[in-house]
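Below: the structure, in structure tokens.
Computed over heavy atoms, backbone and side chain alike; hydrogens, waters and symmetry mates excluded.
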Amino acid sequence: MELGQNERIVRFHEKKIDAPTIPGNPEQIFASMGNYVFTAEVLLRELYADAANEESSHDFGKDILPSLMQRANVYAYNFAYNHIPGDPPGVLPYWRDVGTIDAFYEANMDLRAIIPALNLYNAQWPLGPTRETYPPAKFVFDQEERRGHAIDSIISGGCILSGGLVRNSVLGRAVRVHSGAVVEDSVIFDNCDIGRNARVRRAILDKNIQVPEGATIGYDREKDRNLHHVSENGIVVVEGGRSSVEVTVFNLGPAIERRKGRFGGEEKPR
């Protein structure tokens, strides 16, 4: 983006290799983070107009925003000015484009750093919880070569490390790591089960993966490529499956029948 006075956007270059750089900073450009704020009236007007334009490819960055800038004042919010409450002065705002598997992996690794660029534990900038309620993570067994523990890792609620080792990793909710298993430098999504003596290294496991006892992921490049997707930087991505969700069902039949009887055979609203 090119900015004028008061950070008004004057031009928008969609994925242009030779886009103009920031004035006085030839190494950087102003890039759109993809967050837009509109009044509803303006947004609907522009969407309807673009839908009726047969020459438009109906892309937000390529068509709608450049067209809007010809008729309205569009301003940029400079993310570099954004200071998170609770962060030390001088800490740069955190933003990472996770458009690739490797970038997504690195973003997760950022979270588990000793001094993270994005601090999930900042009490002055709390993250809202999800609806699901999981018990705290649990680490069990305290025997030689059978000790559930994690090092330099993030372990979410509902996880059970049953004699397994987790190092430099991020575990989602309700992950189980069984005795003798080792998980290193990996991102493990919800509801995965790492079998006894299994080893997982430099991998991303989708939800609901069951790693069999004694299996290895991330140790044999050719084997991994035959079974899974491997990124440019060697991150093994293992596809998961759908999970069933238990739903509490209330049987309202008897209550409705009683209400019908009370009101002479006709159900009355409360």
Side-chain angles (χ1 to χ4, degrees), residues 86-87 91 94 96 98 101-220 224 228 230-231 233-241 243:
D87 274 358
V91 173
Y94 179 85
R96 183 188 282 271
V98 292
I101 289 173
D102 291 320
F104 173 80
Y105 173 84
E106 293 297 336
N108 277 271
M109 294 298 105
D110 288 344
L111 298 177
R112 43 145 296 272
I114 296 175
I115 303 177
L118 179 62
N119 185 5
L120 301 180
Y121 304 92
N122 182 351
Q124 296 184 41
W125 194 69
L127 296 178
T130 58
R131 292 183 181 181
E132 297 88 351
T133 301
Y134 288 88
K138 183 167 66 169
F139 304 77
V140 296
F141 298 118
D142 187 17
Q143 305 165 8
E144 288 300 323
E145 300 184 0
R146 194 192 185 196
R147 180 174 292 115
H149 60 298
I151 303 168
D152 286 341
S153 299
I154 293 177
I155 310 298
S156 301
C159 290
I160 300 178
L161 274 62
S162 177
L165 166 64
V166 175
R167 180 186 287 116
N168 302 334
S169 298
V170 177
L171 268 58
R173 297 163 296 190
V175 173
R176 297 207 172 192
V177 181
H178 295 274
S179 293
V182 177
V183 176
E184 296 181 294
D185 306 307
S186 296
V187 180
I188 312 297
F189 279 41
D190 297 355
N191 303 314
C192 288
D193 188 282
I194 315 299
R196 294 171 65 93
N197 300 314
R199 293 181 296 161
V200 178
R201 181 175 65 182
R202 287 181 58 78
I204 299 174
L205 270 58
D206 198 0
K207 294 181 179 179
N208 312 309
I209 295 291
Q210 287 191 335
V211 180
E213 179 176 345
T216 60
I217 297 173
Y219 288 83
D220 186 329
D224 290 331
H228 314 294
V230 180
S231 75
N233 291 343
I235 304 300
V236 184
V237 182
V238 182
E239 182 181 1
S243 63

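- A donor-acceptor contact shorter than 3.5 Å is absent between the side chain of Thr216 and the backbone of Arg199.
- Between Arg147 and Asp142, at least one side-chain nitrogen of the basic residue sits less than 4.0 Å from a carboxylate oxygen of the acidic one, meeting the salt-bridge criterion.
- One finds a salt bridge joining Arg96 and Asp110 here, because a Lys/Arg side-chain nitrogen approaches an Asp/Glu carboxylate oxygen to under 4.0 Å.
- Contact of the Asn191 side chain with the Val175 side chain is not registered, since no non-hydrogen atoms from C-beta on lie closer than 4.5 Å.
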*side-chain contact (heavy atoms from CB on, under 4.5 Å) between His149 and Leu161, worked out*: CA-CA 7 Å; His149 60 298; Leu161 274 62; 5.9 Å; no
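- For the pair Ile160 and Phe139, the minimum side-chain heavy-atom distance is 4.5 Å or more.
- Between Glu184 and Val200, every side-chain heavy-atom pair lies at or beyond the 4.5 Å cut-off.
- At most 12 heavy atoms of other shown residues, nucleotides or ligands fall within 6.0 angstrom of atom CD1 in Ile115.
- Side-chain contact check for Ile154 versus Leu171: every heavy-atom pair is 4.5 Å or farther apart.
- Atom CG of residue Leu111 and atom OG of residue Ser153 lie 12.0 Å apart, to the nearest 0.5 angstrom.
- With respect to Arg176 and Asp193, no salt bridge is recorded, no charged nitrogen being found less than 4.0 Å from a carboxylate O.
- Contact check for Ser179 versus Phe141: side-chain heavy atoms found under the 4.5 Å cut-off.
- To the nearest 0.5 Å, atom CD1 of residue Ile188 and atom CD1 of residue Ile155 are 9.5 Å apart.
- The number of heavy-atom neighbours closer than 6.0 Å to CD of Glu239, taken from other residues, nucleotides and ligands shown, is 12 or below.
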